**Student:** 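Below you will find the structure I want to go over with you.
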Amino acid sequence: MDYFARTRVRDIISGQKVDQEVIILGWARTKRLSKNVGFVEINDGSSLHNAHVVFSPPADFPELERIITGTSLRVVGKVVEVKGREQAYEVQASQLEIVGDCSPDYPLQKKRHTFEFLRDIAHLRPRTNTFGVINRFRSKLSHCIHQYYQDRGFYYIHTPIITTSDCEGAGDLFQVTTLPLQEIAARAQELDLDEDFFAEKAYLTVSGQLEGELMCTALGDIYTFGPTFRAEQSYTSRHLSEFWMMEPEMAFCDLDEMLILIEDFLKHLISFSLEECPEEMGFFNKWIDKGRQKVLQSIVEADFARVTYTEAVEILKKAGREFEFPVGWGNDLQSEHERFLAEEYFQKPVFVTDYPREIKAFYMRVNDDEKTVRAVDVLVPLVGEIVGGSQREERYDYLKENMIQQGLDIEQYSWFLDIRKYGTVPHSGFGLGFERMIMYLSGMSNIRDVIPFPRFPRSARF
RNA sequence: UCCCCGAUAGCUCAGCCGGUAGAGCAGGUGGCUGUUAACCACCGAGUCGCAGGUUCGAGUCCUGCUCGGGGAGCCA
């Protein structure tokens, strides 16, 4: 092929190649033919926009007949500037070659499809405008996250996917096993864990946090960014069984210092999107959520709201409205409460800190009041909880007591306790749900449409 | 796991008080025009999600199941 010789569509429509001959390798999105002139729009994945290729006269290009939406093509032609058209540049074709015919039953058409339909053809939906934009945006935002932390002296740590910690405090786990379960079940035998691959129960990770904590006591500032697995039976528009989470962990950092980092980080992601991804954000603003850009712009310019859990409860009590779930100190905040705080009361991202000890995980640092812990959730309109984090309990005795109270196997977590035994330091960390961040930035309302291959209960195709 | 809504052509949908199936788009054929979600004409296309039930008769009413959507819980 002409892999190295070809010109990407992105570079053609930006005008870089005007008056030059180019080779385009891509897929037909739409074709319009008439007697004297014909048009084929070609997309090669490098941009939302298509290259407009002109065939004049169409009779000179018999292959045109075979082109339907989806056909893969090789085109040679000259880039010309045009006036008074939607597109600023076109390609006057001199050669046309069909690389791969497209069967007429191709499901994608030159019109809008519902996201529900596209989920059923997740192998083809990357070729649509929306998913092209989403996937390019995911890539850019991933890079941005790495850049942000690398620039600040954080190290990227690859924490394990397979773990034997069965209670990281974050929900149900997928068990990993090589035992022949069907045979064992057929013979009604007992499972012998000693025969299993790791000779003990193993799971897919629900968080890299515990390993992150220990790495930060060696490297200072670290972050993880990888897949995370939750086996809950969640059927909602904001939960996945497999999702990507970004988790920094900072030694010698308390909660208040971390809040400064979180706010700066989230604003950085927003600024990056607005400034460096105009094509994507323009698309979202036009087709997905009108007014998205304005909302994001206002977030960058204002401070996030900050309340303690106790203050939040007071606000909810005074809200003067009936909630389905009762508001009371000691109860966890329900979705409706979080939505009220973020969408109605503050109308911007809000930090909620210092939750009751009983409703939070064992590793969170206990406050002097002995009733609350140094936890933080960041709630945003539309998505809900986008960040969850805490200052970690760095005092050996407190941590051990918390673990016993919450019924953890001390023996299994001895390595986690050791960190507090050998030169312990205050440290803090949080987790950012990558897909939820994409939702927030794009305005996409279903998390299954912001990840290429969504996994959720009863669904792991493609 | 619980609550609500839905499933009709490849896609998006209409189909009234139960009477035997329709439109746009897509595909095919022809025409026309520097077209741009192109346009015009014609053509083919359906086990009305599945299984029962009520009825002379069910896309339409009832029950169960499957799948999809929205919400709750869990959380990122």
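From a predicted model like this one, the values you see are computed outputs, not experimental measurements.
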**Student:** Any idea which of B:G71, B:A76, B:U36 is nearest the A:H52 side chain?
**Tutor:**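 Of the candidates, B:U36 comes closest.
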
**Student:** Taking OP1 and OP2 of B:G73, is either one under 4.0 Å from a side-chain nitrogen or oxygen of A:Q334?
**Tutor:** yes

**Student:** Please check the phosphate of B:A72 (OP1 and OP2 only) for any side-chain N or O of A:R238 closer than 4.0 Å.
**Tutor:** yes

**Student:** Between A:R448 and B:G69, is there a side-chain N or O to OP1/OP2 distance below 4.0 Å?
**Tutor:** yes

**Student:** Return whichever of A:E41 or A:G388 has its heavy-atom-nearest nucleotide of RNA chain B closer to the 5' end.
**Tutor:**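 Taking each residue's closest nucleotide, the earlier one in sequence belongs to A:E41.
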
**Student:** Considering heavy-atom distances to RNA chain B, does A:R436 or A:S459 have its closest nucleotide positioned more toward the 5' end?
**Tutor:** A:S459

**Student:** Given that both distances must come in under 3.5 Å, which nucleotide forms a Watson-Crick or G-U wobble pair with B:U36?
**Tutor:** none

**Student:** Would you indicate, yes or no, if B:A38 has its OP1 or OP2 atom less than 4.0 angstrom from a side-chain nitrogen or oxygen of A:R32?
**Tutor:** yes

**Student:** Can you tell me if the side-chain N/O atoms of A:S335 get under 4.0 Å from OP1 or OP2 in B:G71?
**Tutor:** no

**Student:** Check this for me: does any side-chain nitrogen of one of A:R138 and A:E435 sit under 4.0 Å from a carboxylate oxygen of the other?
**Tutor:** yes

**Student:** If I pick the P atom on B:U36 and the same atom on B:A45, what distance separates them, to the nearest angstrom?
**Tutor:**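 Rounded to whole Å, the distance is 31 Å.
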
**Student:** Name the closest nucleotide to the A:H113 side chain, picking from B:A37, B:U35, B:C11.
**Tutor:** B:C11

**Student:** Could you check whether A:R85 gets within reach of a base, just the sugar-phosphate, or nothing at all, counting any heavy atom under 4.0 Å?
**Tutor:**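 Here A:R85 touches the bases of the nucleic acid.
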
**Student:** To the side chain of A:T114, which of B:C13, B:C75, B:G70 is closest?
**Tutor:** B:C13

**Student:** Answer with base, sugar-phosphate or nothing: what part of the nucleic acid does A:V383 contact at a heavy-atom distance below 4.0 Å?
**Tutor:** nothing

**Student:** Hey, is the side chain of A:K110 poking within less than 4.0 Å of OP1 or OP2 on B:A38, counting only N and O atoms?
**Tutor:**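 True: A:K110 side-chain N/O within range (under 4.0 Å) of B:A38 OP1/OP2.
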
**Student:** Base, sugar-phosphate, or nothing: which does A:R29 touch, judged by heavy atoms less than 4.0 Å apart?
**Tutor:**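 Nothing: the residue A:R29, judged by heavy atoms under 4.0 Å, touches no strand.
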
